[in-house]
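Structure record follows, encoded as structure tokens.
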Amino acid sequence: MVVLAATKLFIALICAMAYSEAAYQPEAVPLVQVNFYGEALCPYCARFLDTVAAKIYDNGVMNMTRFRYIPYGNAKETQEGVVCQHGPQECELNRILSCAIHLNPDQQVWFPFAKCLESSGPSRIHPLEPAEPCAQDVSISYSAIQDCASGQMAVELQKKAAEETASLKPAHTYVPWVTVNGIPIGGAFEQLQTFICASYLGERPEICYGPPQIAGNSATHATLSQVLQQIDHHLDQY
């Protein structure tokens, strides 16, 4: 009887300890919110994806973020429908991107597709051609994307993208337009990695402590204070 009571007490203590550990687990470190407002056939957006964003994808810094792409950019709503800055094919590609992201919300899945599509599209005579092979390369269903892009779902997704783009404060004046935790970083978007590392509240990877480099110019370095000065100057314009 004594042994049974002791056993029950031991089990109760173990359960209490397990509950206590579970109850006092530290809160998860919030991800840095990065929003990229762009459009499918903008060469500067393609360059941003192919260099700046691809860099943080490859080195793992993107894992510290919730990275979103809102493909609408400088498109306008008219009585005839949406008119895109670079023509009807850009509108179609924006719908394809919206659908790909909607159907494959994991940024580790949709980002390689978007990078492939945009890095190929602006330099081609037929910018829609890479869409299917890009989907195949990253093992996502292009037929599902097509079905979405040609239907009402794409209309709704683009409507949401338009509303979100229009609600930016300050309003975007060009693309790519990038915000970090809701703050626009203006022309300093090439320093995105520095902003993410500075904003992240958890343990930072070693890559965060190297000298920041401006994409496309390995000889140019900028400190975080210099980057913030650029942002202050940009916001002063509003």
Side-chain angles (χ1 to χ4, degrees), residues 30-57 61-62 64-79 81-87 90-91 93-95 97-98 101-102 107 110-111 114-115 118 122 155-201 212-217 220 222-238:
L31 296 175
V32 179
Q33 181 68 58
V34 177
N35 287 359
F36 159 46
Y37 299 85
E39 54 196 21
L41 292 181
C42 162
Y44 303 105
C45 297
R47 181 174 179 273
F48 170 79
L49 280 176
D50 203 32
T51 55
V52 179
K55 174 185 173 183
I56 65 170
Y57 175 85
V61 170
M62 188 177 282
M64 297 152 57
T65 75
R66 180 173 179 253
F67 191 95
R68 297 178 62 238
Y69 179 13
I70 299 88
Y72 190 80
N74 296 323
K76 303 292 183 184
E77 183 71 43
T78 70
Q79 291 182 342
V82 176
V83 175
C84 293
Q85 183 176 10
H86 299 96
E90 179 168 74
C91 285
L93 283 169
N94 285 344
R95 292 193 296 272
L97 284 164
S98 289
I101 294 167
H102 174 72
Q107 64 197 36
W110 69 255
F111 179 80
K115 174 182 177 295
E118 290 228 37
V155 175
E156 294 300 321
L157 292 171
Q158 280 290 280
K159 181 180 178 182
K160 289 180 181 179
E163 291 172 349
E164 183 172 348
T165 302
S167 69
L168 283 167
K169 295 186 182 303
H172 83 285
T173 53
Y174 50 80
V175 289
W177 189 263
V178 182
T179 66
V180 176
N181 286 343
I183 306 299
I185 62 175
F189 60 80
E190 290 187 332
Q191 293 291 344
L192 178 60
Q193 178 173 299
T194 299
F195 282 102
I196 293 170
C197 289
S199 302
Y200 189 63
L201 300 178
Q213 295 184 356
I214 293 178
N217 186 355
T220 305
T223 66
L224 181 58
S225 62
Q226 289 171 330
V227 171
L228 292 176
Q229 286 174 7
Q230 294 179 47
I231 300 308
D232 288 340
H233 174 73
H234 173 75
L235 292 178
D236 284 345
Q237 298 175 12
Y238 299 92

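Everything numeric in this text was worked out from a predicted model, so none of it was measured.
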Please check this pair: side chain of E90 against backbone of L41, looking for a donor-acceptor N/O pair closer than 3.5 Å.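 Yes, the answer is positive, given that a donor and an acceptor are paired below the 3.5 Å cut-off.
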
Nearest-0.5 Å distance, [atom1] of residue [X] to [atom2] of residue [Y]:
X: I196; Y: Q33; atom1: CD1; atom2: CD; value: 10.5 Å
X: M62; Y: K55; atom1: CE; atom2: NZ; value: 12.5 Å
X: R68; Y: E164; atom1: CZ; atom2: CD; value: 4.0 Å
X: C91; Y: Y72; atom1: SG; atom2: OH; value: 8.0 Å
X: I185; Y: W177; atom1: CD1; atom2: CH2; value: 10.0 Å
X: L168; Y: T179; atom1: CG; atom2: OG1; value: 7.0 Å

Does either side chain, that of [X] or that of [Y], offer a donor lying less than 3.5 Å from an acceptor on the other one?
X: Q191; Y: T194; result: yes
X: N74; Y: H86; result: no
X: Y57; Y: Q107; result: no

Where [X] and [Y] come nearest, the two heavy atoms and their spacing:
X: L201; Y: P30; value: CD1-CG, 4.1 Å
X: F189; Y: P176; value: CZ-CG, 3.8 Å
X: Y44; Y: V175; value: CB-O, 4.1 Å
X: T165; Y: G73; value: CG2-O, 3.8 Å
X: S98; Y: L157; value: O-CD1, 3.7 Å
X: Q158; Y: P71; value: NE2-O, 2.9 Å

For R47 and E118, what are the C-alpha separation, side-chain angles and deciding distance, and is it a salt bridge (Lys or Arg N to Asp or Glu O under 4.0 Å)? CA-CA 8 Å; R47 181 174 179 273; E118 290 228 37; over 6 Å; no

Do [X] and [Y] come within less than 4.5 Å of each other through their side chains, counting heavy atoms only?
X: K76; Y: V82; result: no
X: L97; Y: Y69; result: yes
X: C84; Y: N94; result: yes

Among T65, V61, V34, find the one that has a side-chain contact (heavy atoms from CB on, under 4.5 Å) with L192.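 Testing L192 for a side-chain contact (heavy atoms from CB on, under 4.5 Å) against T65, V61, V34 leaves exactly one candidate, V34.
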
Assign the ring pair F48 / F67 to parallel, tilted or perpendicular, where the plane angle (0 to 90°) is split at 30° and 60°.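 Taking F67 first and then F48, their aromatic rings lie parallel (interplane angle under 30°).
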
Applying side chain to side chain contact (heavy atoms under 4.5 Å, CB included) to M64 and Y200, what does each step give before you reach the verdict? CA-CA 7 Å; M64 297 152 57; Y200 189 63; 3.5 Å; yes

